[in-house]
Number of protein chains: 2
Amino acid sequence: MSSRFHIKRLCIIGVGLIGGSLARALRETGCVETIIGSGRNRAHLQRAQVLGVIDEYELDMAKAVRNADLVVVAVPLGAMPACFAVLKNSIGDNTVITDVGSAKQSVIDAMQTAFGELPKNFVPGHPIAGTEKSGVDAAFAELFSQRRVILTPHAASDSRAVKLVRQMWEHCGAQVLEMEAKHHDEVLAATSHLPHMLAYALVDTLARLQDRREIFAYAAGGFRDFTRIASSDPQMWHDICLANRESLAQMLGVYITDLQRLQQAIETNDSEYLKTTFTRAKTARDQFSESS
Amino acid sequence: MSSRFHIKRLCIIGVGLIGGSLARALRETGCVETIIGSGRNRAHLQRAQVLGVIDEYELDMAKAVRNADLVVVAVPLGAMPACFAVLKNSIGDNTVITDVGSAKQSVIDAMQTAFGELPKNFVPGHPIAGTEKSGVDAAFAELFSQRRVILTPHAASDSRAVKLVRQMWEHCGAQVLEMEAKHHDEVLAATSHLPHMLAYALVDTLARLQDRREIFAYAAGGFRDFTRIASSDPQMWHDICLANRESLAQMLGVYITDLQRLQQAIETNDSEYLKTTFTRAKTARDQFSESS
């Protein structure tokens with residue numbers, strides 16, 4: 001980690017759980033002079049200022065990014081194209097841009113569309129961190145501590161820009177890795193997007209049963225843990241589904257096939273299949289527990 | 001809760017997480033004079049004695065239940081038929097029998113087969129509590145505190161026996177309810193058995209992907225919570241699947257249909273369906289959080 005990381009003016013567009021936690025974490029490092037927040041909702045930005053998450057706010061995004069050294073776009077994926085269109089006409093030549101979107105190829109495509117080419121100062125990123133909560137009130141400085149952040153620089157990404165974004169996350173306590181955007185999207189479809197779909201679908205399936213009140217009354221700790229992520233922001237996950245449509249639909253297909261096979265094993269008393277599958281899963285999960 | 005609950009001799013067959021936690025909880029109440037453990041594994045029983053969970057142990061189940069006021073069968077569902085066969089030839093006329101199996105109709109059927117009729121002192125039960133851990137080392141006295149226990153007495157169950165079992169659980173801090181065995185099995189298929197299948201299947205699906213090491217390396221907190229129950233005992237869940245085959249296969253069918261519909265919505269950019277489903281699920285999950 002370089003000690004020379006210093007930002008005079010940081011602009012965070014979208015001061016929610018992720019943007020707000022990033023502001024809090026960077027403020028604690030003392031490496032950032034001024035944090036300016038921007039977004040569509042004045043009340044949210046005022047709240048962020050009251051909480052001390054940002055120093056000032058500016059609803060006009062074009063004004064907000066003026067003279068910024070670094071702009072972090074932390075809006076939902078669906079709001080990025082409009083955001084990039086504003087940046088195209090207002091961003092300074094030396095301002096580095098990064099984002100925190102949970103799918104990366106769609107962000108790169110949106111940037112390409114907005115700018116006509118991929119700006120050399122644009123470094124797509126994704127902190128693998130979050131909670132089922134959302135909004136700046138849920139933000140906390142330690143969110144990224146010991147978490148992984150994946151950067152997916154494009155061919156023309158400037159190495160100075162990549163270094164700055166990397167340093168920013170490292171100063172938040174994160175471990176930074178780089179990979180291809182497409183590969184990122186496949187990996188995250190499996191480990192994050194698919195589980196969210198399964199949790200949403202389970203709660204929704206149960207909620208639509210006739211005796212839903214009784215059903216939930218008898219749910220216990222396992223159910224609580226299993227479905228916690230179904231409390232996540234619906235708009236955000238709507239956007240992620242559409243942004244990572246191909247990889248996610250493919251993973252869902254693989255999973256559904258496996259689940260149908262499991263259902264068949266239960267129906268046919270296939271003792272061996274059940275034991276083998278559960279044991280293999282437990283072994284993998286226990287290994288994951290130990291290593292993470 | 002009656003203050004007259006008192007047990008001279010309690011026999012717990014299967015001193016694992018549930019049986020051991022029950023022993024610990026009852027010992028703290030001071031309402032039980034002697035707790036005798038039984039089971040197939042001497043080392044496990046010795047361990048339970050060393051930990052102070054049981055007072056003594058007896059590998060010979062017929063001897064263990066002799067003179068017991070109350071026998072709690074806490075072995076995996078698949079081991080119950082053999083266990084009941086021994087009880088048939090050794091249990092005293094006044095000894096109350098209960099169990100802790102996660103599926104109830106299969107336990108009742110096994111008892112009917114072993115005894116030729118349902119004993120009046122038999123009260124099937126199911127504490128809705130547990131962790132992903134197993135074994136007596138994981139047992140703790142508070143496991144049942146503020147949890148629900150479902151009793152599914154049969155038509156010939158003696159009211160004195162039902163009262164004794166109810167008091168036992170209430171003294172562990174649990175809330176006791178009664179319902180039909182078949183209804184219990186349907187409710188638990190939805191809230192417990194189905195989520196366990198989904199978690200096992202997810203971890204297994206990912207574990208069988210080519211880049212499994214990398215996949216798990218990028219899994220974060222949501223994944224950890226979501227898959228915790230996949231660390232549960234495979235043998236126990238194998239037994240539950242087969243014991244509650246019909247209800248579980250049916251719930252899996254409903255879920256798979258819903259998941260296929262979700263996959264289709266993702267593939268076809270069905271924005272409205274995604275938003276509606278996720279929002280409905282979040283609302284239900286948030287309500288569940290508040291009420292539990």
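Note: H126(B) NE2 to Y218(A) OH = 12.5 Å, rounded to the nearest 0.5 Å. Note that NE2 of H238(B) is 8.5 Å distant from CG of D270(A), once rounded to the nearest 0.5 Å. Going from atom CD of Q263(A) over to atom SG of C241(B) covers 11.5 Å, rounded to the nearest 0.5 Å.
The shortest heavy-atom contact between D225(A) and R228(B) is OD2-NH1, 2.9 Å. Looking at every heavy atom in both residues, Y200(B) comes nearest to A281(A) through O-CB, 3.5 Å. Closest approach of I266(B) and R245(A) over heavy atoms only: O-CD, 2.7 Å.
Residues from residues 186-193 of chain B that place a non-hydrogen atom less than 4.5 Å from a non-hydrogen atom of chain A comprise V187(B), A190(B), T191(B), given in numerical order.
Each of I229(B), I128(B), I256(B) has some count of heavy-atom pairs under 4.5 Å with chain A, and the biggest count is that of I256(B).
Between L274(B) and W237(A) the shortest side-chain heavy-atom distance does not fall below 4.5 Å.
F226(A) and F226(B) have parallel rings, their planes meeting at less than 30° on a 0 to 90° scale where 60° marks the start of perpendicular. Ring orientation note: the planes of F223(B) and F288(A) are nearly perpendicular, at an angle over 60° on the 30°/60° scale.
For chain B, the nearby parts of L202(A) are the backbone and the side chain; heavy atoms of each come within less than 4.5 Å.
The salt bridge (charged side-chain N to carboxylate O under 4.0 Å, His left out) test with D204(A) singles out one residue from R261(B), R280(B), R285(B), and that residue is R280(B).
Side-chain atoms of K282(A) never come within 3.5 Å of backbone atoms of A230(B) as a donor-acceptor pair (strictly under, hydrogens ignored).
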